[in-house]
Structures are given as C-alpha cells and as structure tokens.
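The block underneath contains the structure these notes are about, expressed in structure tokens.
Sequence lines set the chain letters: A, B, ... in the order given, protein chains first and strands last, and positions in each chain run from 1. All values derive from a computational prediction rather than experimental measurement.
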Amino acid sequence: MEIIRNFVERRLRTTLAIGGVVVGVLALTLTGALAEHYDAQLAGGIAYYRSTIQVADSAGSYAGVISLTKIDPIQKLPGVAAALPSITLLARPGTTAVSPLGLPDTIVYNDPKERALSTLKTTVASGKPLDPNRQGEVVIGANLAAEFRVKVGDTLDLPVRPQNANPDFVNHTYHVVGILERTDTLPDDTASVGLLDAQTMLQESLPASFRDRVDPSSLASVITVYGKPGTDLDKLADQISAKVPGVSATRPSDYVRSFDQGATFDALALVAGGLAVLFGGLVVVDTMLLAVADRGREIALKMLVGARAWHVAAECLLESALLAVVGGVIGFAVGVGLSSLLDLAGRSVGMDIFLVTGKLARISLGVTVALGLGAGVLPALRAARIDPDRALRAG
Amino acid sequence: MAAIEVRDLGVRYRQGAPNAVQALSAITLSIQAGEFVSVAGRAGSGKTTLLHCLGLLLQPTSGLVVIDGIDTSALDAGQRAEVRGRRIGFVLREGNLLSGLTVLENVLLPLRYAGASMLSRGGRARARDLLDLVGMSDQAGDRPDQLTAAQTQRAAIARALVRAPTLVLADEPTGEVDADTSDELLYLMQQVNRMSNVTFVVATHDRDVASCMDRVIRIDEGRVTADERLRLADGRRSGTR
C-alpha cells in the first residue's frame with residue numbers, strides 16, 4: 001500500500017517512469033511479434049523443405065518448368081519413397097517473391113499423396129477439401145481468405161491481374177470450396193487448385209514464344225521427392241542429380257539455408273526491442289534514483305525504527321519492480337492491441353505480420369520483471385547506504 | 001543496571017580533512033534505567049550528535065556506548081539496527097511520520113521491520129492501545145498532513161513505544177509546538193516514564209523544558225559541562241550534584 005501511495009503522491013514522475021517502460025515493452029512486443037510471425041512462417045517452410053528434395057529442370061528448358069517424364073527415373077532410384085509433381089505460381093504476378101514481413105501469395109498444386117508424406121498438415125476450417133480431379137475449384141488459406149474477403153461459395157479470379165498486365169495476361173474464375181484452418185505458416189498464403197488448373201496456369205505464365213511449344217499436361221514447377229525412412233536426403237539429392245539426366249536436385253540442407261534468415265531477423269528484432277527496453281530501464285533507474293534522493297529522510301526514519309539496510313534495499317527493489325511490471329503489463333497489452341489492429345488493417349493487402357504467442361508473453365513479462373529488478377539495483381544500493389545521521393540532520 | 005553507559009565518547013566529522021569538526025569530546029556518563037533525563041545545550045553544542053550515538057545511528061570516532069549492558073562498539077550495522085529497533089524508540093523535532101502512511105501504519109512501522117510475527121502477535125492491538133494512551137485514537141486513520149504539530153508528536157511517541165523499548169531518545173520533541181502543547185507533551189512523556197519505567201533522554205535547547213526533567217546533563221562545544229539532578233525518581237526535588 002505504501003508503494004502505491006508513493007506512486008500516487010508522485011504522480012507525474014510515476015507516470016513518466018511507467019510511460020518509459022510502456023514504450024520499451026511496447027516496442028519489444030511489436031518487434032517480438034514480428035519475429036514470432038516470421039519464425040512461424042519459416043518454421044513450416046523449413047520443416048517442409050528439410051523433409052523433401054526439390055528437383056528442377058537443368059537441361060536448358062525454360063526455368064521454372066520441369067517435364068513430368070522425369071518422375072519415373074527418379075522414382076526408380078533406391079531410397080525414393082515418392083516423386084510427385086508440384087506447381088507453385090505467384091498469385092499476384094509482379095509482386096516480390098520474398099518479403100521480410102510475410103510469405104507471398106501463391107497458387108499451388110500438391111499431389112494428394114503428399115498429405116500422407118508431408119510435414120505440413122492442413123485441415124479445412126469451412127467447406128470441403130479439394131477434389132484433385134475437379135476443375136475450377138480452389139481451397140484457400142486463412143490469410144488469403146481474409147485478404148480477398150472471400151468465403152466458401154464465393155468466386156476468386158486467379159492469378160490476380162496486375163495493374164500493368166501484359167495484353168496476353170490470362171486468369172480464370174474459381175469457386176472457393178474450402179478455407180483452411182490457420183497454420184501461421186505456408187498454407188495460410190496459398191490457393192490450392194487441381195493439377196489441370198495448375199498446369200494451365202503454369203503454361204499461361206510462360207513467355208508467349210515458349211508457351212505454345214509445351215504440352216501443359218506434361219508440366220510441373222518442380223518434382224518433390226520424399227525419401228524412404230532413414231534415407232540421407234542430401235545424399236539422395238546428389239544421386240538424383242548424378243543419375244537422372246537433365247535435372248538438378250537441390251540438397252534439402254542447402255535449400256533451407258538459402259532462405260532461412262530467421263536467426264538474423266530474430267537478432268535484429270532482439271536488438272531493436274532490447275534498445276527500447278534499455279530506454280525504459282534507464283527511465284526507471286532515473287526515477288528511482290530521484291526517489292531515493294528525495295526520500296533520504298524517509299529512509300533514515302525507517303532506519304531509525306529498526307529497518308536494516310536490506311529492508312530499505314528490498315523496498316526500493318520492490319517499488320522499482322512494481323513500476324516496471326505496471327508499465328510492462330500496459331506495454332504488452334497495448335502491443336497486443338496495436339499488433340491486432342495493424343494486422344486487421346493490413347490483412348486486406350496481405351500484410352498480416354504479427355504473431356503474439358505465449359512464449360512472447362512470457363519473454364515480455366519476464367524481461368519486465370528483470371528490468372524492474374535490474375533498474376532497482378543501483379537505487380537500492382544507494383538507499384541502503386544512506387547515512388541516517390546525515391539524512392536526519394539534512395531535514 | 002545502567003540503561004546507558006558512555007565512556008570517553010568522541011565524534012569527529014570529516015576525520016582527516018582540513019575542515020574536520022570535533023563534535024563530541026571525552027564524554028563519559030551513566031544513565032540508570034527509568035531515568036527522565038535532559039541533554040541541554042544551545043544549538044550546535046553536540047546534543048543531536050550525542051543522541052545519534054546513543055541511538056546507534058552514528059558510529060563514534062572514539063570511546064564506547066553500552067546500551068542495556070551491550071557494548072555496541074563491536075556490533076555491525078545489522079546488529080546495531082536490531083538493538084535500535086528492539087530497545088530504542090525515537091521522537092524527533094519534526095518530520096517524524098512517513099507521509100505515505102496513516103497514523104496507525106506509522107505506529108506499526110517498527111513492527112514491520114521486527115518481522116511479521118510481531119505484527120501478528122497483538123501488534124495492532126498494542127498500537128491502538130498506545131494511540132489511545134496518547135489521545136490519538138480518533139486520528140488512527142488520518143494521514144500525517146492532516147495532523148497538527150502536537151498530534152504528530154503524540155503519534156511519534158506512540159510509535160517510539162510500540163516495541164516496548166527500554167529507552168526513548170527525543171531530539172527537541174517540543175521544538176515545533178507552543179508552550180502549552182510543550183507542557184502537555186512533556187507531561188505525557190513523564191507519565192509514560194513513571195508508568196512503564198522507560199528511560200527518557202530528551203535533548204533540548206529550552207531551559208524551561210530542561211527544568212521539567214529529573215536530571216539535566218548540560219553540554220557545550222561537545223563536552224559535558226554540568227550534570228544536575230533536579231528531582232528524585234518519585235518526583236521530589238533533589239539537591240544538585
């Protein structure tokens with residue numbers, strides 16, 4: 001109660017100190033939520049690509065397309081459990097394929113057999129799963145559903161016509177038959193279509209000079225290879241490249257390394273959040289030092305009635321921790337609210353970029369308590385060293 | 001047994017510096033348990049320094065202070081705080097109470113630092129009894145800024161007594177009140193002294209206040225210049241030593 005009254009008595013100073021912590025923890029929460037979102041998105045991709053071998057054409061045909069005739073020789077190699085066609089296209093042609101704030105919207109085809117083999121499991125939140133044999137249907141991820149504001153039964157034109165589309169740009173209308181549960185990773189930003197639809201779109205995405213020379217039913221973007229249990233996928237990738245002419249199999253470890261910037265992003269977020277928290281901590285240190293200087297006589301009075309140095313130091317630490325916790329809880333709550341609002345506003349343009357997790361909450365509140373205690377150490381030592389004789393004379 | 005034994009006490013501020021000040025020199029005195037004593041002298045004579053030494057707030061430069069038979073010169077800071085909290089009560093001239101606490105909470109403050117058991121073991125009841133004794137029951141829930149100077153001093157006396165100390169040190173307790181209130185406060189302290197045999201040492205520059213005490217130790221420039229017994233413990237006038 002005494003601490004609360006001290007806060008109330010020194011309203012302005014308390015408000016400024018709490019405000020400093022709020023700003024620090026708010027920044028930590030936002031940068032943390034950004035990193036959590038990025039990590040979650042990467043985690044799904046890393047898990048998927050670490051457990052598969054991506055095989056592309058290397059024999060001079062148009063980049064991004066591989067013939068399905070390569071599936072059989074790959075399938076026959078020892079250690080291969082399945083070689084399946086995969087098609088991936090940008091849902092918004094002309095946008096960047098890699099964004100630090102989120103994954104690009106993509107149109108995908110994955111063979112139905114992948115459901116059993118893939119580490120990425122999806123469930124349909126509304127509607128029904130995709131029937132690979134039907135055309136003109138699409139199942140979309142949670143982010144795309146929000147971004148395009150569509151629900152089951154609506155239609156969606158894919159790919160999305162860019163503003164500066166070429167005259168020969170073509171897209172098609174699909175019926176949304178299902179919307180996936182949110183996964184916070186790859187499937188959230190995908191529109192899954194059947195093989196024929198995907199092959200048609202893949203063909204249409206090719207340059208006109210090349211487009212008419214290929215049979216769409218023989219096309220895929222890549223061949224996704226799953227190994228048998230216990231198979232070293234990196235070695236299997238080397239074998240595929242060596243033994244199957246005209247293909248290039250990327251080692252899963254190399255592939256993941258090529259896009260896994262999670263550690264760098266986490267470090268950046270940590271530095272940015274850490275600097276903000278440091279600012280909040282310095283405000284608390286300053287406030288508590290002022291409070292100790294102001295309350296020299298009060299502390300001496302406590303010593304007069306039997307308080308030991310550690311009593312005084314503990315009270316100072318407690319006050320500092322309480323300041324930080326109040327600021328931290330407010331900062332975290334504002335951070336959660338603000339990230340939700342920003343996500344809500346950004347969802348329509350594919351900028352769903354924050355993810356507040358239990359881990360982030362524990363980190364933010366843990367940092368807050370540590371900040372309060374850490375910031376209280378110097379003032380507590382000062383308080384404990386107050387000379388009661390001198391402080392009482394000073395009045 | 002003597003409540004206080006002081007032998008050859010010296011305090012030198014800013015020891016070793018060119019502007020060092022000898023605040024107390026070679027003070028030797030003995031105060032028996034239950035005495036009602038004044039340390040009298042003009043401002044700057046060393047009264048407060050002596051009280052702070054007796055209250056274990058200040059480590060003397062030389063000599064020793066024995067409280068209830070305990071040689072305090074060998075105690076560390078924590079042990080001095082323990083002796084101070086358990087055996088000594090304080091009343092100051094002003095600013096006695098913490099502004100963030102109510103009167104009752106201020107009186108309970110020494111028990112907070114004595115441990116939770118002291119607070120639970122009838123501490124609140126004792127604090128209320130003491131507030132009743134000093135006539136402050138109705139102000140128990142008030143904040144210090146709602147009190148008069150006299151009420152503040154009464155509350156401070158209650159707080160000084162809450163841990164049932166053997167010694168109360170009062171530094172100019174009547175310095176901020178008018179003559180009538182001063183008499184009331186002195187009477188209150190005298191009653192407590194007579195009823196509970198608590199030793200009172202009251203520092204004052206006021207000759208009238210000093211004359212109300214049973215014994216007056218005069219101090220000037222850090223030295224004891226006179227030690228007069230005005231009354232016997234039962235209140236009868238005494239000869240002068």
Side-chain angles (χ1 to χ4, degrees), chain A residues 1-15 17 287-288 290-323 326 379-395, chain B residues 11 13-14 23 44 48-60 76-102 105-115 118 143-145 156 159-163 165 169 171-172:
Chain A
M1 279 307 288
E2 183 190 350
I3 293 176
I4 304 292
R5 284 186 201 141
N6 280 335
F7 286 172
V8 173
E9 271 188 8
R10 296 163 174 87
R11 271 182 223 101
L12 180 61
R13 188 182 296 169
T14 303
T15 306
T287 301
M288 291 306 299
L290 280 172
V292 169
D294 264 8
R295 288 193 231 143
R297 184 180 176 84
E298 191 178 306
I299 291 165
L301 272 177
K302 289 178 176 176
M303 291 175 161
L304 200 69
V305 299
R308 298 183 185 205
W310 70 263
H311 284 126
V312 171
E315 286 178 7
C316 193
L317 275 179
L318 189 65
E319 186 168 334
S320 170
L322 196 61
L323 262 182
V326 171
L381 289 175
R382 286 256 175 105
R385 286 188 194 139
I386 278 181
D387 176 354
D389 171 59
R390 193 174 297 176
L392 289 171
R393 286 171 190 276
Chain B
V11 171
Y13 284 114
R14 297 186 288 273
T48 297
T49 303
L50 178 58
L51 248 62
H52 284 191
C53 286
L54 299 182
L56 313 184
L57 294 169
L58 176 62
Q59 275 283 68
D76 62 27
Q79 290 168 323
R80 285 202 304 277
E82 167 68 18
V83 171
R84 188 162 60 238
R86 189 152 48 88
R87 296 173 185 271
I88 306 171
F90 285 87
V91 181
L92 305 177
R93 178 190 179 114
E94 59 181 343
N96 268 295
L97 305 182
L98 297 188
S99 59
L101 304 181
T102 64
E105 287 166 342
N106 265 287
V107 175
L108 286 167
L109 192 62
L111 300 182
R112 185 205 286 182
Y113 299 116
M118 290 293 286
R143 299 281 293 275
D145 58 7
R159 186 188 61 195
L161 298 171
V162 76
R163 285 194 71 183
L169 301 173
D171 191 2
E172 303 274 13

Under the rule for side-chain contact (heavy atoms from CB on, under 4.5 Å), what residues qualify as partners of B/E105, not counting sequence neighbours?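 So B/E105 forms a side-chain contact (heavy atoms from CB on, under 4.5 Å) with A/R5, B/L101, B/T102.
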Chain A heavy atoms under 4.5 Å from B/R159: which part of the residue, side chain, backbone, both or neither? side chain
Could you check whether any side-chain heavy atom of B/H52 comes within less than 4.5 Å of a side-chain heavy atom of A/L392, counting everything from C-beta outward?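 Touching, per the 4.5 Å side-chain cut-off.
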I would like to know whether A/R297 and B/L92 meet side chain to side chain contact (heavy atoms under 4.5 Å, CB included); could you show each step before the answer? CA-CA 12 Å; A/R297 184 180 176 84; B/L92 305 177; 3.5 Å; yes
What residue, out of [options], has the most heavy-atom pairs lying under 4.5 Å from chain A?
{"options": "B/G85, B/G55, B/P165, B/P110", "value": "B/P110"}
{"options": "B/L56, B/V83, B/N96, B/I88", "value": "B/N96"}
{"options": "B/E82, B/R93, B/R80", "value": "B/E82"}

What residues, two or more places apart in sequence or in another chain, satisfy salt bridge (charged side-chain N to carboxylate O under 4.0 Å, His left out) together with B/R87? B/D68
With sequence neighbours excluded, what pairs up with A/D389 under the salt bridge (charged side-chain N to carboxylate O under 4.0 Å, His left out) test? A/R393
Residues from residues 301-308 of chain A approaching chain B under 4.5 Å (heavy atoms):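 Residues A/L301, A/K302, A/M303, A/L304, A/V305, A/G306, A/A307, A/R308 are the ones that qualify, each having a heavy atom under 4.5 Å from chain B.
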Working note: A/E315 + B/R112, criterion salt bridge (charged side-chain N to carboxylate O under 4.0 Å, His left out); need CA distance, chi angles, decisive distance, verdict. CA-CA 12 Å; A/E315 286 178 7; B/R112 185 205 286 182; 2.9 Å; yes
Just wondering, more than 12 heavy atoms not from A/R382 lying within 6.0 Å of its CZ? no
Atom pair CZ (A/R295) and OG (B/S99), whose distance is rounded to the nearest 0.5 Å: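 If I round to the nearest 0.5 Å, the distance is 8.5 Å.
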